[in-house]
A.B. asks: 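Sharing a structure, written as structure tokens. Questions coming.
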Amino acid sequence: MEKILLAADNRLLRQIMAMVLREECDALDTASSPNELEKLSLTGGYNLIVTSFTEPLVNGTDLANRLHRRRVPASLFLITSEHREEQIVELLASGVDQIFSVPIDTVRLKRKVREELNRLSKQ
């Protein structure tokens with residue numbers, strides 16, 4: 001079963017992204033805070049986590065590091081307004097699997113989600 005956890009502090013973004021992602025998986029849950037994301041990620045059996053939180057609420061690198069320390073097996077996609085190359089490199093090094101810039105290209109996002117879920121299903 002393909003399960004996605006969508007986590008974002010912006011309610012409108014969360015609703016739009018849920019509509020976009022719902023057709024790509026068997027189950028989609030949402031979280032509105034970093035604490036809720038961490039709690040669900042430890043118990044939900046997700047294949048993929050898609051997240052967007054506004055700093056200083058949470059730093060993407062810190063979030064990725066915390067999830068990996070807790071051995072959350074899900075792939076991590078991050079939606080961010082960050083465009084600095086050194087920050088992007090740091091995010092990828094911390095374990096973020098894909099980075100999507102704002103404004104979000106939903107066609108690319110859906111394609112990458114489908115590719116990742118297909119890759120994971122073959123493991």
A.B. asks: Check whether F100 and L48 end up in the same hydrophobic cluster, where Ile, Leu, Val, Met, Phe, Trp and Tyr are linked by side-chain heavy atoms less than 4.5 Å apart.
C.D. replies: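 Per the 4.5 Å side-chain linkage, F100 and L48 are co-clustered.
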
A.B. asks: Could you pull out the closest heavy-atom pair between S41 and L5, with the gap in Å?
C.D. replies: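 For S41 versus L5, the nearest heavy atoms are N-CD2, 4.0 Å.
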
A.B. asks: Quick one: closest heavy-atom pair of A8 and R14, and the distance?
C.D. replies: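 Closest heavy-atom pair between A8 and R14: O-NH1, 2.5 Å.
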
A.B. asks: Say whether L92 and L63 are linked into one hydrophobic cluster, either directly or through other cluster members, by side-chain heavy-atom distances under 4.5 angstrom.
C.D. replies: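 Looking at the clustering, L63 is in the same group as L92.
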
A.B. asks: Between CG of L40 and CG of N35, what distance do you get to the nearest 0.5 Å?
C.D. replies: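 Atom-to-atom, L40:CG and N35:CG are 11.0 Å apart.
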
A.B. asks: Between S52 (side chain only) and T80 (backbone N and O only), is there a donor and an acceptor less than 3.5 Å apart?
C.D. replies: no

A.B. asks: If you compare all heavy atoms of L37 against all heavy atoms of F53, which two are closest, and at what distance to 0.1 Å?
C.D. replies: CD1-CE1, 4.2 Å

A.B. asks: Is there a donor-acceptor contact under 3.5 Å from the side chain of K3 to the main chain of G44?
C.D. replies: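 Yes, the answer is positive, given that a donor and an acceptor are paired below the 3.5 Å cut-off.
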
A.B. asks: Has E90 got a side-chain atom pairing as donor or acceptor with E86's backbone, closer than 3.5 angstrom?
C.D. replies: no

A.B. asks: Nearest 0.5 Å, please: how far is CG in D105 from NZ in K112?
C.D. replies: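 Answer for the NZ-CG pair, K112 versus D105, is 11.0 Å.
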
A.B. asks: Could you grab the distance from atom CD of E36 to atom OG1 of T30, nearest 0.5 Å is fine?
C.D. replies: 6.5 Å

A.B. asks: For the hydrophobic clusters of this structure (ILVMFWY residues joined by side-chain heavy atoms under 4.5 Å, transitively), does one cluster hold both L76 and L42?
C.D. replies: yes

A.B. asks: Drop me the distance from I4's CD1 to M17's CE, to the nearest 0.5 angstrom.
C.D. replies: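 I4 CD1 to M17 CE: 9.5 Å, rounded to 0.5 Å.
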
A.B. asks: Could you report the tightest heavy-atom contact between N47 and E2, atom names first, then the distance?
C.D. replies: OD1-CA, 3.2 Å

A.B. asks: Quick check: do V113 and L117 have side-chain heavy atoms less than 4.5 Å from each other?
C.D. replies: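 When only atoms from C-beta onward are counted, L117 and V113 do touch, with a gap below 4.5 Å.
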
A.B. asks: Determine whether L67 and L91 fall in the same hydrophobic cluster, where Ile, Leu, Val, Met, Phe, Trp and Tyr are linked whenever their side-chain heavy atoms lie under 4.5 Å apart.
C.D. replies: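 Linked within one cluster.
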
A.B. asks: May I ask you to decide whether E116 forms a salt bridge with R119, counting only side-chain N to carboxylate O separations under 4.0 Å?
C.D. replies: yes

A.B. asks: Are L28 and I104 linked, directly or through other ILVMFWY residues, by side chains that come within less than 4.5 angstrom of each other?
C.D. replies: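 Same hydrophobic cluster.
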
A.B. asks: With the side chain counted from C-beta on, respond yes when S32 and R11 share a heavy-atom pair under 4.5 Å apart, and no when they do not.
C.D. replies: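 Of all side-chain heavy-atom pairs linking R11 with S32, none is under 4.5 Å.
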
A.B. asks: Does some side-chain heavy atom of R84 sit less than 4.5 Å from a side-chain heavy atom of I88?
C.D. replies: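 When only atoms from C-beta onward are counted, R84 and I88 do not touch, as no gap falls below 4.5 Å.
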
A.B. asks: Is a salt bridge present between R108 and E115, judged by a nitrogen-to-oxygen distance below 4.0 Å?
C.D. replies: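 Judged by the 4.0 Å cut-off on N to carboxylate O distance, R108 and E115 do not form a salt bridge.
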
A.B. asks: Could you walk me through whether V20 and K110 pass the side chain to side chain contact (heavy atoms under 4.5 Å, CB included) test, one step at a time?
C.D. replies: CA-CA 7 Å; V20 169; K110 287 175 72 166; 3.5 Å; yes

A.B. asks: Applying the side chain to side chain contact (heavy atoms under 4.5 Å, CB included) test to F77, which of I99, V96, V50 qualifies?
C.D. replies: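 Only one option passes, and that is V50.
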
A.B. asks: Do any N or O atoms from the side chain of R114 and from the backbone of E24 form a donor-acceptor pair under 3.5 angstrom?
C.D. replies: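 At least one qualifying donor-acceptor pair exists.
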
A.B. asks: Might you point out which heavy atoms bring Q87 and T61 nearest each other, and give the distance in Å?
C.D. replies: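 For Q87 versus T61, the nearest heavy atoms are NE2-OG1, 3.6 Å.
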
A.B. asks: Which atom names give the shortest non-hydrogen contact between S81 and V102, and what distance separates them?
C.D. replies: N-CG2, 4.2 Å

A.B. asks: Does S75 offer a backbone N or O that forms a donor-acceptor pair with the side chain of D97 under 3.5 Å?
C.D. replies: no

